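What follows is a single structure, written as structure tokens, with notes after it.
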Amino acid sequence: MRAEQVRRKQPPGYDRRCRELSEEEHAQKEAEGLTPVVRFKIPLVGQTRFSDVVWGEVKFENNTLDDLVLLKSDGYPTYNLANIVDDHKMEISHVIRGEEFISTTPHHVLLYKALGYEPPQFAHLPRLMGTDRSKLSKRHGAVSIEEFHKQGYLPEAMLNFLALLGWSLDDKTELMTRQELIASFSLERVKKTPASFNREKLDWMNGVYIRSLDPEDFLQRSLPFLERDLPPEVVRPLPVDYIRQIMPLVHERAKTLADVPELTRFFFTVQLDYDTELLIAKGMTVESTHHALEVARQQLAELPAFDAESLEEMLRPLAVELELKTGQLFGALRTAITGQTAAPPLFQTMAVLGRETCLERIDRALDRL
RNA sequence: GGCGCAUUCGUCUAGCGGUUAGGACACCUCCCUCUCAAGGAGGAGAUCACCGGUUCGAAUCCGGUAUGCGCUACCA
């Protein structure tokens, strides 16, 4: 019947053919072996209205409502019936659910009344959509909260971000703690328009929350990600005391906890893999780079204390001595020592890595040139 | 097809009759600076989907159009 209606471009739905069966007709159908369902006889005229915290006063014409099934042919109640009875028995005061239920709400209201129940307060929330305005689904952008956790997002950042989907406090407040959220959230300020996920903004917000973590907390939360994502050749268990020295160097550089392994990888791997070209800073040649690294290597080997401060006190004058810009000398050293052109501050990085490792890496860079 | 809802900078949004249409992300410039970040200071970016109407005055109220979305099960 349904297919037929669609084909004829008729509104699909129950045609009420059995709404007014007589006793005889009823008996006859049963004699034919038909197992009936029980439907809700919706009033044919008038309108049903209810007030929704988000939607305001909502009004539906009764003649657009169809006679929904209350009891299935197997005798079990449908969701629509069970839902109402259950909510009533549980003394539910507020029904807060997705906007897609707004259309069936008048049926529910009518049912509450038919059963002599007092309808609860309704609040229909806007749907969440993907960045491209498409519906969020498992195969399209949407991920479970566990998935976000795996991707390195902090629970407190997620809570803050999610709260802002479909709701806002005012025209400027964005960052709110859990307590502030609890204190200021209100259904009245929830909007009807579908909210959509802005991943870039989530990344930014997560970064804000990561930076607000105290060092030890950041370390503890990062550990599982390091265990999971650092290359397999890095020996486990990971040296926590060593990591404790590394973490402050990448703390403000991580947008997610999942970034941490990538940002710190060179602290753990023995073999650095990089393009030799990267050693040669702008305005320099193979020769000048080789010379600079050689002199630096020699002085580093003799430096009394290998800490960040001493390193800086030694390397800055060296740049002048070599007639190089600091960026040129430091750039060459950075690539030699980290294998990257973008990395945490050089002196602190060197201090954490230690003299032996730094010298080895410079030697290896010299071999390449 | 029917019913309902929505449409404001690139993006997420504030706004509920009178605002220079506010904020955030992203972007650009400058400062800081050994790179990258972070931080600071600026900048650009919106004829408020379109067409009418009401009003002294409309992003805000009312029609219509367009587009998008939801619902339209013997599923929950």
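Please read all numbers here as calculations on a predicted model, not as lab measurements. Reminder, nothing fancy here: chain letters follow the sequence lines and each chain counts from 1.
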Just how far, in rounded Å, is C1' of B:rC9 from CG of A:N198?
14 Å
Specify the separation, in whole Å, of atom NE2 of A:H124 and atom P of B:rG70.
16 Å
Base, sugar-phosphate or nothing for A:E174? Non-hydrogen atoms, less than 4.0 Å.
base
On the side chain of A:S73, is there an atom forming a donor-acceptor pair with the base of B:rC74 - under 3.5 Å, no angle test?
yes
Under the 3.5 angstrom rule, does the side chain of A:Y242 hit a backbone N or O of A:F267 as a donor-acceptor pair?
yes
What contact category does A:K201 fall into here, base, sugar-phosphate, or nothing, at under 4.0 angstrom with non-hydrogen atoms?
base
Rounded interatomic separation in angstrom, taking NZ from A:K191 and C1' from B:rC5:
12 Å
Taking the P atom in each of B:rA14 and B:rA49, what is the distance between them to the nearest angstrom?
14 Å
Tell me the interatomic distance from A:F267, atom CZ, to B:rC36, atom C1', rounded to whole angstroms.
13 Å
Rounded to whole Å, please give me the gap between CG in A:D203 and C1' in B:rC12.
14 Å
Has A:E61 got more than 12 heavy atoms of other residues, nucleotides or ligands less than 6.0 Å from its CD?
yes
Mate of B:rG4 where both pairing distances stay under 3.5 Å, Watson-Crick or G-U:
B:rC69
Quote, to the nearest angstrom, the P distance that separates B:rG22 from B:rC9.
13 Å
Between B:rA26, B:rA76, B:rG4, which one does the side chain of A:F60 approach most closely?
B:rG4
Are OP1 or OP2 of B:rA38 and a side-chain N or O of A:R253 less than 4.0 angstrom apart?
no
Is there side-chain contact between A:F218 and A:L257, with at least one heavy-atom pair below 4.5 Å?
yes
Name the residue closer to the 5' end of RNA chain B, choosing between A:K72 and A:V58 according to the nucleotide with the nearest heavy atom.
A:V58
Centroid separation A:F347 to A:F330 less than 6.0 Å:
yes
Quote, to the nearest angstrom, the P distance that separates B:rU13 from B:rU67.
23 Å
Need the pair for B:rC48. Rule: Watson-Crick or G-U wobble, both distances under 3.5 Å, any strand; none if unpaired.
none
I'd like to know if the side chain of A:T105 pairs up with that of A:R97 as donor and acceptor (distance under 3.5 Å, no hydrogens or angles considered).
yes
From B:rG23, B:rA76, B:rA38, nucleotide with atom closest to A:F101 side chain:
B:rA76
If you count every heavy atom of other residues, nucleotides or ligands that lies below 6.0 Å from A:D273 atom CG, does the total exceed 12?
no
Identify which nucleotide among B:rC74, B:rG70, B:rC25 has an atom closest to any side-chain atom of A:E200, counting heavy atoms from C-beta outward.
B:rC25
Could you tell me how far B:rA44 sits from B:rC30 if I compare only their C1' atoms? Round to whole Å.
15 Å
NZ of A:K191: more than 12 outside heavy atoms within 6.0 angstrom?
yes
Mind calculating the distance between CD (A:E99) and C1' (B:rG68) to the nearest angstrom?
12 Å
Go through B:rA76, B:rC36, B:rA14 for me and flag the one nearest to the A:S168 side chain.
B:rA14
Does A:T64 have a side-chain nitrogen or oxygen under 4.0 Å from the phosphate oxygens OP1 or OP2 of B:rG2?
no
Just name whichever nucleotide pairs with B:rC30, Watson-Crick or G-U, keeping both distances under 3.5 Å, else none.
B:rG40
Taking the six-membered ring of A:W204, is the NZ or CZ of A:K255 close enough (under 6.0 Å from the centre) and on axis enough (within 45°)?
no
Assuming nearest nucleotide by heavy-atom distance, tell me which of A:A343 and A:G166 is located more 5' along RNA chain B.
A:G166
Watson-Crick/G-U partner (both atom distances under 3.5 Å) of B:rU60
none
Among B:rG2, B:rU35, B:rG22, the one nearest any side-chain atom of A:D171 is B:rG22
Find every protein N or O atom lying less than 3.5 Å from an N or O atom of nucleotides 28-34 of chain B, and list the pairs.
{"unit_1": "B:rC34", "atom_1": "OP1", "unit_2": "A:R316", "atom_2": "NH1", "d": "2.8"}
{"unit_1": "B:rC34", "atom_1": "OP1", "unit_2": "A:R316", "atom_2": "NH2", "d": "2.4"}
{"unit_1": "B:rC34", "atom_1": "O2", "unit_2": "A:R334", "atom_2": "NH2", "d": "2.0"}
{"unit_1": "B:rC34", "atom_1": "N3", "unit_2": "A:L346", "atom_2": "N", "d": "3.3"}

Pick the P atom in B:rU65 and in B:rG23, then give their distance to the nearest Å.
37 Å
Output the single nucleotide from B:rC36, B:rA6, B:rA76 whose closest atom is nearest the side chain of A:T193.
B:rA6
Closest to side chain of A:R189, choosing from B:rC74, B:rG15, B:rC5
B:rG15
Exercise: do A:R49 and A:Q47 side chains pair donor with acceptor under 3.5 Å:
yes
May I have the distance from A:N206 (atom CG) to B:rA38 (atom P), rounded to whole angstrom?
13 Å
Tell me what A:T341 touches on the nucleic acid: a base, only sugar-phosphate, or nothing, going by heavy atoms under 4.0 Å.
base
Between N or O atoms, less than 3.5 Å apart, protein on one side and nucleotides 39-43 of chain B on the other: list the pairs.
{"unit_1": "B:rG39", "atom_1": "OP1", "unit_2": "A:R211", "atom_2": "NH1", "d": "3.4"}

For B:rU54, the Watson-Crick or wobble counterpart (both distances under 3.5 Å)
none
Scanning all shown strands, the Watson-Crick or wobble mate of B:rC75 with both distances under 3.5 Å is none
Using a 4.0 Å heavy-atom cut-off, does A:V69 contact any base of the nucleic acid, only the sugar-phosphate backbone, or nothing at all?
sugar-phosphate
Give me the distance, rounded to whole Å, that separates B:rC32 from B:rG42 when you measure between the C1' atoms they each carry.
15 Å
If pairing means Watson-Crick or G-U wobble with both distances under 3.5 Å, then the partner of B:rG10 is B:rC25
Distance between the P atoms of B:rC74 and B:rG63, in whole angstroms?
34 Å
For nucleotides B:rG17 and B:rA58, find the distance between their C1' atoms and express it as a whole number of Å.
7 Å
Whole angstroms only, please: what is the NE2-C1' distance between A:H107 and B:rG4?
13 Å
We want to know whether A:Y117 and A:D87 form a side-chain donor-acceptor pair, criterion being a heavy-atom distance below 3.5 angstrom.
no
Output every pair passing side chain to side chain donor-acceptor pair (under 3.5 Å) with a member in residues 329-346 of chain A, not counting sequence neighbours, ordered by first then second residue.
none
Watson-Crick or G-U wobble mate for B:rU19, both contacts under 3.5 Å
none
Pairwise side-chain contact, A:L154 with A:L213, heavy-atom cut-off 4.5 Å (strictly under):
yes
Would the number of heavy atoms belonging to other residues, nucleotides or ligands and lying under 6.0 Å from CD of A:E23 be above 12?
no
